[in-house]
Enquirer: 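A single structure is presented below for examination.
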Amino acid sequence: MTQAAAPSQALRISPVALRQKVAQQLDRHRNGDAYPVIIVRAEPAWPHDPAMPLPGGRQARVVPCVSPLAIWDNLVADRGDEVLVLLTDIPESKLGHGVRSRAFRQRVITVEPWDLVVEAFGAQVPDSALERESWAGEALLDAMPPAGWPKLTSTVLTRDVALRHLAAVRLGLERRGESADDLDVAALLRWSAEPGAIEAFGLLREAEREGLAGWLTEQFGRPARALFALVEAGHGTDALPLGLVCDALWSSDTPDAVRAQGRIDQYFGDLHDDATVRGFAVAAVQVVAGMLAARDRETRLQANGVLDRAEELLVQFNARGSASHSAILRIGFAHRVEEAARALLGGLGNATDPALDAAVEALAAHRLADAESERIRRIRMAQRLVRWLDTEVEPPASVADGVDRQIAEWGWVDLALNHVWAGEDVHPELQRAFRDIHDRVQRRRRDLDAAFASRLAAWSAAGPGNDGPLLAVENLLPKVIDPLIRKEQSVLLVVLDGMSAAVAVELADQLSQHWVEYDPLAGSDRGRRRGMAAALPTLTAISRTSLFAGALRSGTQANEKRMFEEGRWGKGARIFHKGPARGGAGEVIAGDLVAAMADRSHLVAVVINTVDDSLAHGREGDEPGWQLDDIGFLRSLLDLARSSGRAVIITSDHGHVLERGGEHVRAGDAASARHRTGPGPAGQGEVELSGPRVVAPDNRIIALWDPMLRYRPSKAGYHGGASLAEVTIPLLAFLLPNVADVPAGWVPVEGGQPDWWEATPAAPVVTPAPAAAAVAPKQRRKPPVQTGEALFDVPEPAPVAAVTPAAGELDLVDALLATELFEAQHALTPRRVDRGKIEAAMRALVDAKGLLPVAVLAQRASEAPVRATGFVNTLQRIFNVDNYPVLSLIDDNRTVRLDLALLREQFGLPGATA
């Protein structure tokens, strides 16, 4: 039987290394022949392009030769104007004199790997540790990148530098836009999941495989050791998914988990080291979590492929039941969803049960939470509704009370209800929880609408002039806009036709990232978000015309335009409706509107119909909530307002109710989907509205107050009725953060969200403490430095015992300002802030339990809005002793947070931890 040829013992050489060697020889040994034949001792295999360009414009042709005859044939052949490079593993002693005499330098050129490698790195010598890695020279030569190795500033090529660059090439870091400096455990484990990576590693020569694995294990410890054990055992491609499985099973001591661990041990070959497996598992979780959060789609897809394979391995090891606690596997996420669903159902009877908050927070902490953000959001909305159901809710005492509470609280309920209605597509238990919560909330909201309808009937009969504290839509012009016009304040008025209180909640939250929300009617009171009552019936033709007319009217778009041309909104004021406002091809906004916005001397009003139009075309039905980019060209319009320094007022003409499986009530006298004009008495779910406030024949209509009823065919939503959501119009007012001239009576809006929107941590029990004593800086006890996200948690204020909360908190500020440390810190500030302003700011923060918008804090301290951020920075210099974050800016620098517990610790105040 013919024996297979033994593998060549000659050096395998790469195109880059060969080019470097040939160029080096031609430069050092010039013998007059511009196109010699160079015989190089190397492995006689060349799977590359035979044409090889050389420095100076010459061309070389590379030919592998496995025998003396092949060499001779190439020597005598006509080669033209090119350097001929012959690769052979035949020793020079076995080549005849005739062959050698025709070759360059009459000899076979031997490649010394270290010479080429060191020269390629721009060094002079390798260190002794690198030279002891006998496999590395050939590997570095073979792996040399097309552009060569990077040039070093050192004359010595060290072992770690050379092998790090070698590993970076063999692991293909450049394919991910990374370099040798990015080589770490994450890069190593990610490499194992790339298609063909483990197979390519297996094609390396055995000495390089072993040497490279040994160096990587030396560098990265247990994760690398476990990885290469898997590679050696033939399971390297499953390294990342197996690491996720190990994370779940090695953190459990159930009998099923222990049995599965035994089966998995076989995958690691002879490793048998639990500590190494655990270290590997932790690293795998971190790597896959990073891949899931990556910006590029390809990496996220790869991560999801790892999760899919991990689920297959769980089935293979019969270990699904033991992995349900996993913080990254899909089975762990599904288990936490089920736990949250059970907690939601349980919370319907006891919202204060800590199990509900714990279950939702555990779900949100799962590594898949970001990828499942919409599901998490809906669960949080359901959690909020459970808390709301646990509160006492009194029916509205008047129309004004109902509108105020719709803006302050019930609009938030509607927002959460919209998300819960959108539902869940996978988990039956969560579907049931959503359904039960939705039905209970809807019944309570229906009761509130019924009570509001009776108040609305009395209010409509009273007529204009009897509104009391209520702002009606026809009074927006005289009470809000006219004062601004008289003061020559530059204003943009945006009317989002059909915007409800629920839509305004999300819109205001997004705008607060760049604008500060104000209450334009606060006067000397604290600022709050306001609402207006729509005209009746709650239709665009009635309510929007009344808004622009400044009186109860019915009209059209043409009427509204005429009102502006008549100067009712100030000389030169302009109004833009849907058509004229939108630009043509290549334009977002029409040129006329851009020009009008640039002229700060005139008011500009823009009507945007996106919300109202969506009710007819189904947009609200499937996608709960509104984002800024969903609302026409509002973002671009606000950018123009920013550049021209305009105040911005965003309002509506009416709200709306959404289609939620309601009932079609047949009515021959229906004038809209939600009101009719016939003489018949009001039936179930209806209210009769009459009087001068009703803009209809005989000043009378019958309107639906029940949001589950309609007179016309199904659409995404409706208006025209008498529910809170239809009658209430949100009024949002914004200024730029550093505006210097705040309109008179405008006060920043405080807070915003109702108390039940976020969970309130229970106040810790504190042992009664003696009165505060002044503590010198050198006597101050420093609390331990917090790390990670804990620095941004909302603090739990520790109350002072034996006093009422209000008096106790005031005593806290008095004690703070009396300390020597405060005096010392205050004296060090470059600009001495008035103590009265500091005291007012600290009292405001304490009163707000540690959180206030920057603009509100400045207003409460009587500091100019334009200096609000600088004022907060000065407070931080005073109170953040040794850089401990007593005062911090959070929420994109929009909110000031006071850590009350840390304040007590730093300044030795009552209630400090002993």
Enquirer: If you take the centroid of each ring, where Trp contributes its six-membered ring, are F201 and F228 closer together than 6.0 Å?
Expert: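 Yes, they do, as the ring centres are separated by less than 6.0 Å.
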Enquirer: If only atom types and distance count, is the side chain of S326 paired as donor or acceptor with the main-chain N or O of A323 below 3.5 Å?
Expert: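 No: the side chain of S326 does not pair with the backbone of A323.
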Enquirer: According to ring pair (Phe, Tyr, Trp, His ring centres under 6.0 Å), does anything in residues 238-265 pair up with another residue at least two apart or in another chain? List the pairs.
Expert: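 Sorted result for residues 238-265: empty, none.
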Enquirer: Given side chains that start at C-beta, do those of I71 and R102 come closer than 4.5 Å, heavy atoms only?
Expert: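 Not touching, per the 4.5 Å side-chain cut-off.
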Enquirer: Is R159 salt-bridged to E218, cutoff N-O under 4.0 Å?
Expert: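 Between E218 and R159 there is a salt bridge, with a charged N closer than 4.0 Å to a carboxylate O.
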Enquirer: How far apart are the closest heavy atoms of M144 and A120, and which atoms are they?
Expert: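 Heavy atoms only, the tightest pair is CE-CB, 3.7 Å.
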Enquirer: What distance do R300 atom CZ and D370 atom CG have between them, rounded to the nearest 0.5 Å?
Expert: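 Here the interatomic distance stands at 11.0 Å.
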Enquirer: Begin with the C-alpha distance, continue with both residues' side-chain angles, and end with the deciding distance and a verdict on side-chain hydrogen bond (donor to acceptor under 3.5 Å, both in side chains) for R41 and T110.
Expert: CA-CA 5 Å; R41 179 166 169 78; T110 302; 5.9 Å; no
Enquirer: Please tell me whether T299 and D296 have a donor and an acceptor in their side chains that are separated by less than 3.5 angstrom.
Expert: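 Side chains of T299 and D296: pair found under 3.5 Å.
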Enquirer: Do the side chains of V315 and E311 get nearer than 4.5 Å, heavy atoms only?
Expert: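 Not touching, per the 4.5 Å side-chain cut-off.
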Enquirer: I need the L249 CG to D256 CG distance, nearest 0.5 Å.
Expert: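 So the CG of L249 and the CG of D256 are separated by 10.0 Å.
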Enquirer: Please check if the side chain of R100 supplies one atom and the backbone of L95 the other of a donor-acceptor pair under 3.5 Å.
Expert: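 Pair found, side chain donor or acceptor close to backbone of L95.
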Enquirer: Can R309 and D238 be said to form a salt bridge (charged side-chain N to carboxylate O under 4.0 Å, His left out), step by step?
Expert: CA-CA 8 Å; R309 177 56 180 158; D238 278 337; 2.9 Å; yes
Enquirer: For a 4.5 angstrom cut-off between non-hydrogen side-chain atoms, does L292 reach L307?
Expert: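 With C-beta onward as the side chain, the pair touches.
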Enquirer: What closest approach, in Å, do R320 and I331 show between heavy atoms, and which atom pair accounts for it?
Expert: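 Nearest pair, atom of R320 first, then I331: O-CD1, 3.1 Å.
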Enquirer: Is there side-chain contact between W46 and I13, with at least one heavy-atom pair below 4.5 Å?
Expert: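 A side-chain contact under 4.5 Å exists here.
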Enquirer: Does this structure show an ion pair linking D308 with R330, if we count only N-O contacts that are shorter than 4.0 Å?
Expert: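 Looking at D308 and R330, the cut-off is met.
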Enquirer: Above 12 or not: heavy atoms from other molecules or residues under 6.0 Å from CD of E199?
Expert: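 Enclosed: over 12 neighbouring heavy atoms sit under 6.0 Å from CD of E199.
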Enquirer: Applying side-chain contact (heavy atoms from CB on, under 4.5 Å), run through L189 and F280 and close with a yes or a no.
Expert: CA-CA 9 Å; L189 293 182; F280 165 67; 3.9 Å; yes
Enquirer: Taking the side chain as C-beta and beyond, is there a heavy-atom pair between P53 and Q59 under 4.5 Å?
Expert: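 In short, these two side chains touch, coming nearer than 4.5 Å.
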Enquirer: Could you give the distance from CG (L216) to CG (L227), rounded to the nearest 0.5 Å?
Expert: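 If we round to the nearest 0.5 Å, L216:CG and L227:CG are 8.5 Å apart.
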Enquirer: Under the salt bridge (charged side-chain N to carboxylate O under 4.0 Å, His left out) rule, what do R222 and D273 come out as? Steps first, then yes or no, please.
Expert: CA-CA 10 Å; R222 288 170 173 166; D273 183 350; 5.3 Å; no
Enquirer: Would S251 and H325 count as having a side-chain donor-acceptor pair, cut-off 3.5 Å?
Expert: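 Distance-only check passes for S251 and H325.
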Enquirer: Donor-acceptor pair, E92 side chain versus V108 backbone, under 3.5 Å?
Expert: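 A pair under 3.5 Å: yes.
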Enquirer: Begin with the C-alpha distance, continue with both residues' side-chain angles, and end with the deciding distance and a verdict on side-chain contact (heavy atoms from CB on, under 4.5 Å) for M291 and R190.
Expert: CA-CA 9 Å; M291 294 169 66; R190 282 194 59 184; 3.8 Å; yes
Enquirer: Could you pull out all residues at least two apart from E112 that satisfy salt bridge (Lys or Arg N to Asp or Glu O under 4.0 Å)?
Expert: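 If we apply the salt bridge (Lys or Arg N to Asp or Glu O under 4.0 Å) test to E112, skipping adjacent residues, there are no hits.
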Enquirer: Go through F121 and H165 one step at a time and tell me if the ring-ring contact (aromatic ring centres under 6.0 Å, His included) criterion holds.
Expert: CA-CA 10 Å; F121 276 101; H165 282 89; 5.7 Å; yes
Enquirer: Could you measure the distance from the CG atom of L242 to the CG atom of D247? Nearest 0.5 Å is fine.
Expert: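 The CG atom of D247 is 11.5 Å from CG of L242, to the nearest 0.5 Å.
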Enquirer: Kindly say whether A186 contributes a backbone atom to a donor-acceptor pair with the side chain of Q286 at under 3.5 angstrom?
Expert: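 No, Q286 side chain to A186 backbone: no donor-acceptor pair under 3.5 Å.
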Enquirer: With side chains defined as the heavy atoms from C-beta onward, is the minimum distance between L430 and R378 less than 4.5 Å?
Expert: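 They are not in side-chain contact.
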Enquirer: Holding to salt bridge (Lys or Arg N to Asp or Glu O under 4.0 Å), I want the full list of residues that pass it with R175, two or more places apart in sequence or in another chain.
Expert: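 Residues passing salt bridge (Lys or Arg N to Asp or Glu O under 4.0 Å) with R175: E194.
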Enquirer: Does atom NZ of K151 have more than 12 heavy-atom neighbours from other groups under 6.0 Å away?
Expert: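 Result for NZ/K151: enclosed.
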Enquirer: Checking N318 side chain against L314 main chain: does a donor-acceptor pair fall under 3.5 Å?
Expert: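 Looks like no, no N/O pair under 3.5 Å.
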Enquirer: Under a 4.5 Å cut-off applied to non-hydrogen side-chain atoms, are I90 and P68 in contact?
Expert: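 Counting from C-beta outward, I90 and P68 do come under 4.5 Å.
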Enquirer: Is it true that E119 and Q124 share a donor-acceptor pair across their side chains at a distance under 3.5 Å?
Expert: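 Side chains of Q124 and E119: no pair found under 3.5 Å.
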Enquirer: If the threshold is 4.0 Å, N to carboxylate O, is there a salt bridge linking D182 and R164?
Expert: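 The answer is no: the pair does not qualify as a salt bridge.
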Enquirer: Does S324 use its side chain to pair, donor to acceptor, with the backbone of G332 at less than 3.5 Å?
Expert: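 Side chain of S324 to backbone of G332: no pair is present.
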Enquirer: Is the shortest distance from a Lys or Arg side-chain nitrogen in R205 or E43 to a carboxylate oxygen in the other one below 4.0 Å?
Expert: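 Judged by the 4.0 Å cut-off on N to carboxylate O distance, R205 and E43 do form a salt bridge.
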Enquirer: Considering all heavy atoms of both residues, which atom of G243 and which atom of A284 are nearest to each other, and what is their separation?
Expert: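 Smallest interatomic distance, heavy atoms only, reads CA-CB, 3.7 Å.
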Enquirer: Quick one: CD on E372 to CZ on F333, what's the gap to the nearest 0.5 Å?
Expert: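 One finds 4.5 Å between CD of E372 and CZ of F333.
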Enquirer: Checking R263 against Q316: is there a side-chain donor and acceptor pair closer than 3.5 Å?
Expert: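 There is no such pair (donor and acceptor under 3.5 Å, judged by atom type) between the side chains of Q316 and R263.
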Enquirer: Just do the salt bridge (charged side-chain N to carboxylate O under 4.0 Å, His left out) check on R375 and D425 with the steps written out, would you?
Expert: CA-CA 10 Å; R375 178 176 288 157; D425 58 354; 3.2 Å; yes
Enquirer: Quick check: Y267 with F317 (ring centres under 6.0 Å apart)?
Expert: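 Here the rings of Y267 and F317 have centres that are less than 6.0 Å from each other.
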Enquirer: For P36 versus L26, what's the shortest heavy-atom pair and its separation?
Expert: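 Nearest pair, atom of P36 first, then L26: CG-CD2, 3.8 Å.
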Enquirer: H366 side chain to L329 main-chain N or O, any donor-acceptor pair under 3.5 Å?
Expert: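 Judged by distance alone, yes, a pair lies under 3.5 Å.
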Enquirer: So R170 and L204, side-chain contact (heavy atoms from CB on, under 4.5 Å) or not? Walk me through it.
Expert: CA-CA 9 Å; R170 295 308 194 198; L204 298 177; 3.6 Å; yes
Enquirer: Does any N or O in the side chain of W149 come within less than 3.5 Å of the main-chain N or O of L140, such that one atom is a donor and the other an acceptor?
Expert: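 Checked: pair present.
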Enquirer: Between A143 and V169, what is the shortest heavy-atom contact and its length?
Expert: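 Looking at all heavy atoms of both residues, the closest pair is O-CG1, 3.5 Å.
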Enquirer: Do you know which two heavy atoms are closest between A233 and G269, and how far apart they sit?
Expert: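 The answer is CB-N, 4.1 Å.
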Enquirer: Would you confirm whether R19, through its side chain, and L54, through its main-chain N or O, come within 3.5 Å as a donor-acceptor pair?
Expert: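 Flag not set: sc R19 to bb L54 has no pair under 3.5 Å.
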Enquirer: Check for a donor-acceptor pair, side chain of E174 on one end and backbone N or O of G177 on the other, with a separation under 3.5 Å.
Expert: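 Answer holds: no.
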Enquirer: Start with the C-alpha gap between F220 and L183, add the side-chain angles, then the distance that decides, and say whether side-chain contact (heavy atoms from CB on, under 4.5 Å) holds.
Expert: CA-CA 10 Å; F220 305 126; L183 178 60; 3.9 Å; yes
Enquirer: Can you measure from CZ (R377) to CZ (R380) and round to the nearest 0.5 angstrom?
Expert: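 Here the rounded value is 11.5 Å.
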Enquirer: Is any side-chain heavy atom of V63 less than 4.5 Å from a side-chain heavy atom of V85?
Expert: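 Not in contact.
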